[in-house]
Amino acid sequence: MTIDEKIITNVVQEVIQQIMNNNNNNDLPKTINDKITGIYDSVDDAVDNAVEAQKQLIDMTLADREKIISAIRQAALDNNEMLSKMAVEESKLGRYEDKIKENILCVTKTPGTEDIQPIAKTGDNGLMLLEYAPVGVIGALTPVTNPTGTFIHNGISMIAAGNAVVFNPHPSAKNTSAKMVEILHDAIVEAGGPPGIISAIRIPSLETAGQIINHPKINMLVATGGKPVVKAVLSSGKKAIGAGAGNPPALVDETAHIRNAAECIINGASINNNIFCTSEKEVIVVDEVADSLIKFMQETGKAYLLSSEEAERITELVITKENKINTSFIGRNVQVILKEIGIKLDDKYRLAIFEAPKDHPLVWKEQMMPIMPIVRVKDIAEGIRFGVEVEQGNRHTAIMHSTNVDNLTAFARAVQTTIFVKNGPAYSGIGLGGEGHTAFTIAGPTGEGLTSARSFTRQRRCTLVEGFRII
Ligand code: NAD
């Protein structure tokens, strides 16, 4: 090469580099201090960056993805105390020590890339390979009840599947959600991941939710929340997962180990002050063992039995004149709620229980507070019928305490929930003290069940029509 040629080559390379830099700069939306933090004021900016980031992610190896996921897990653990405290303080829902458990559960039991192992089939006609491919950019709408767990679970699962995610957090937990996303984003970038692969809208609203739902560059929607948001994503015309509300009944028959049932129900229903969508929301018990169940619940030392007069006053407090749940008591400690009617409870209590008629509003409404109605039924047949009715077709979660396999099978078949827990607290169905992976997006309405990386993929088949078998 002559000197002239060298100079020309250098100049050309410099110009190409400059063009690339300019292009990159133009492509990148302005964020605070021009730095990509994962937190955006505008949906368009978040989505544009997510599109770029997702392209980069799919050019990386699966080992790189796992490295990113390990970084997410570590960052969530390192900041668990701070995030749990922030979540309880901002949302005023749940209990600090339970948020800590929730986050550890999401960190340790959300599957990574192992969940998208391909399936291969060989035969006389060659080879078929089925792979779980990314969908692209996902818009995720998240609930106020889990502003940490949902992000850890969704973040790991969606990135493990090769996607980028733009979150529209619940407005009442926007600061915790932003902090959570910022922490995960920094950890991802530090681990060599693409900036913008995970992001959130700084000031989320129904308007920004609508922009995400209708954004042409968002390929898939995931709604974790109540019925309206599930309906909104399912009406979008896009691939969507709906993880909606539940009203899980806990049915106890006369063959159950009653002391164990009492302990499990108190623990399950009081975790995070009952805001888990999976938590027991009403107890249905066969008359023969109802008194023992209530006695054993009291003997746990964690359940306060309301008299019928106290139960009436509590009902007037937590149910509005319009027959709705009074949201100011959702997720609060039992002490805070009972104080309103002049009952001062020791800190050891986690739940108030009371005997309720079948038509009591707290039996039918998803109360998400530590006030638990108990309904007597004459036998298991009536219990199963009533359990199915109060679950209301949510197909979410049901719990049963029994040692009679026929009864267990009959209720499981009749209620058809996504999660059916036998002889344990409801939370064992999401992997806390139970087998299986965890999920904080449990898709009853759309049927994916406890979501994981595979839920956020599209299937692709590759066929090789040749003799491929080696046996
Ligand atoms: P929510 O439905 O009020 O809010 C969830 C999210 O949807 C928020 O980001 C909110 O801003 C958005 N949203 C609400 N209505 C919308 C609409 N019409 N259009 C667009 N976006 C909308 O729910 P929440 O009060 O935050 O959370 C509690 C509910 O979520 C309970 O019903 C609980 O059972 C359910 N939940 C379900 C799961 C699950 O995995 N199935 C997990 C957690 C919570």
Side-chain angles (χ1 to χ4, degrees), residues 43 87 90-94 99 102 105-106 110 139-154 157 165-174 176-178 181 200-201 203-215 218 221-236 238 240-248 271-281 324-325 327-331 364-369 391-392 394-397 417-419 426-427 429-431 437-452 455:
V43 168
E90 187 186 17
S91 70
K92 301 191 174 53
L93 310 178
K99 293 270 177 197
E102 171 184 336
L105 178 67
C106 290
T110 302
L141 310 152
T142 57
V144 65
T145 45
N146 311 91
T148 51
T150 314
F151 291 81
I152 302 169
H153 168 268
N154 282 192
S157 306
V165 53
V166 178
F167 285 106
N168 195 61
H170 194 288
S172 303
K174 62 175 184 296
T176 311
S177 308
V181 169
I201 305 305
I203 304 183
S205 61
L206 281 183
E207 194 189 339
T208 56
Q211 289 168 5
I212 287 179
I213 290 172
N214 296 312
H215 202 291
I218 294 230
L221 295 164
V222 178
T224 310
K227 285 195 174 114
V229 69
V230 169
K231 191 167 172 217
V233 301
L234 294 186
S235 320
S236 67
K238 292 183 181 176
I241 287 183
N247 188 38
I271 192 166
N272 260 323
N273 292 335
N274 201 255
I275 55 173
F276 278 178
C277 55
T278 44
S279 281
E280 295 84 347
K281 298 284 188 287
K324 298 219 162 74
I325 295 288
T327 51
S328 45
F329 295 108
I330 289 181
W364 294 89
K365 292 185 192 302
E366 191 192 23
Q367 70 269 39
M368 295 194 289
M369 61 181 80
E391 208 279 325
Q392 296 165 68
N394 292 316
R395 299 214 167 168
H396 201 297
T397 299
T417 44
T418 303
I419 299 177
Y427 55 65
I430 51 168
H437 73 273
T438 199
F440 274 67
T441 293
I442 299 152
T446 46
E448 290 79 5
L450 283 90
T451 54
S452 58
S455 317

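For ligands, and for the atoms within them, numbers begin at 1 and follow the listed sequence. Keep in mind that the numbers below use all heavy atoms, side chains included, and drop hydrogens, waters and symmetry copies. Keep in mind that this is a model prediction, so the values were computed, not measured.
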- Do the side-chain N and O atoms of T446 and E448 include a donor-acceptor pair separated by under 3.5 angstrom?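 The answer is yes; a qualifying pair exists.
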Can T441 and T224 be counted as having a side-chain donor-acceptor contact under 3.5 angstrom?
-> yes
Tell me which protein heavy atom sits closest to [atom], plus the residue, atom name and distance to 0.1 Å.
{"atom": "atom 36 (N) of ligand 1", "value": "C277 CB, 3.8 Å"}
{"atom": "atom 40 (O) of ligand 1", "value": "I442 N, 2.6 Å"}
{"atom": "atom 35 (C) of ligand 1", "value": "G225 O, 3.4 Å"}
{"atom": "atom 2 (O) of ligand 1", "value": "G226 N, 2.7 Å"}

Side chain, backbone, both or neither: [X] near ligand 1, heavy atoms under 4.0 Å:
{"X": "F276", "value": "neither"}
{"X": "I275", "value": "neither"}
{"X": "K231", "value": "neither"}
{"X": "N146", "value": "side chain"}
{"X": "K227", "value": "neither"}
{"X": "P143", "value": "both"}
{"X": "A443", "value": "neither"}

| query | Are Y427 and F276 close enough that their ring centres sit under 6.0 Å apart? | reply |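 Between F276 and Y427, which both carry aromatic rings, the centre distance is not below 6.0 Å.
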Polar atom proximity, [X] to ligand 1 (N or O, under 3.5 Å):
{"X": "T224", "answer": "no"}
{"X": "L206", "answer": "no"}
{"X": "V144", "answer": "yes"}

Run the numbers for me: atoms of ligand 1, each under 4.0 Å from some heavy atom of [X], listed by number.
{"X": "P171", "value": "11 (O)"}
{"X": "H396", "value": "39 (C), 41 (N)"}
{"X": "P169", "value": "9 (O)"}
{"X": "A209", "value": "20 (C), 21 (N)"}
{"X": "N168", "value": "9 (O)"}
{"X": "G246", "value": "34 (O)"}
{"X": "E366", "value": "31 (C), 32 (O), 33 (C), 34 (O)"}

Practice problem: Please examine the side chains of M369 and I325, heavy atoms only from C-beta on, and report whether any two atoms are closer than 4.5 Å. | Solution: yes
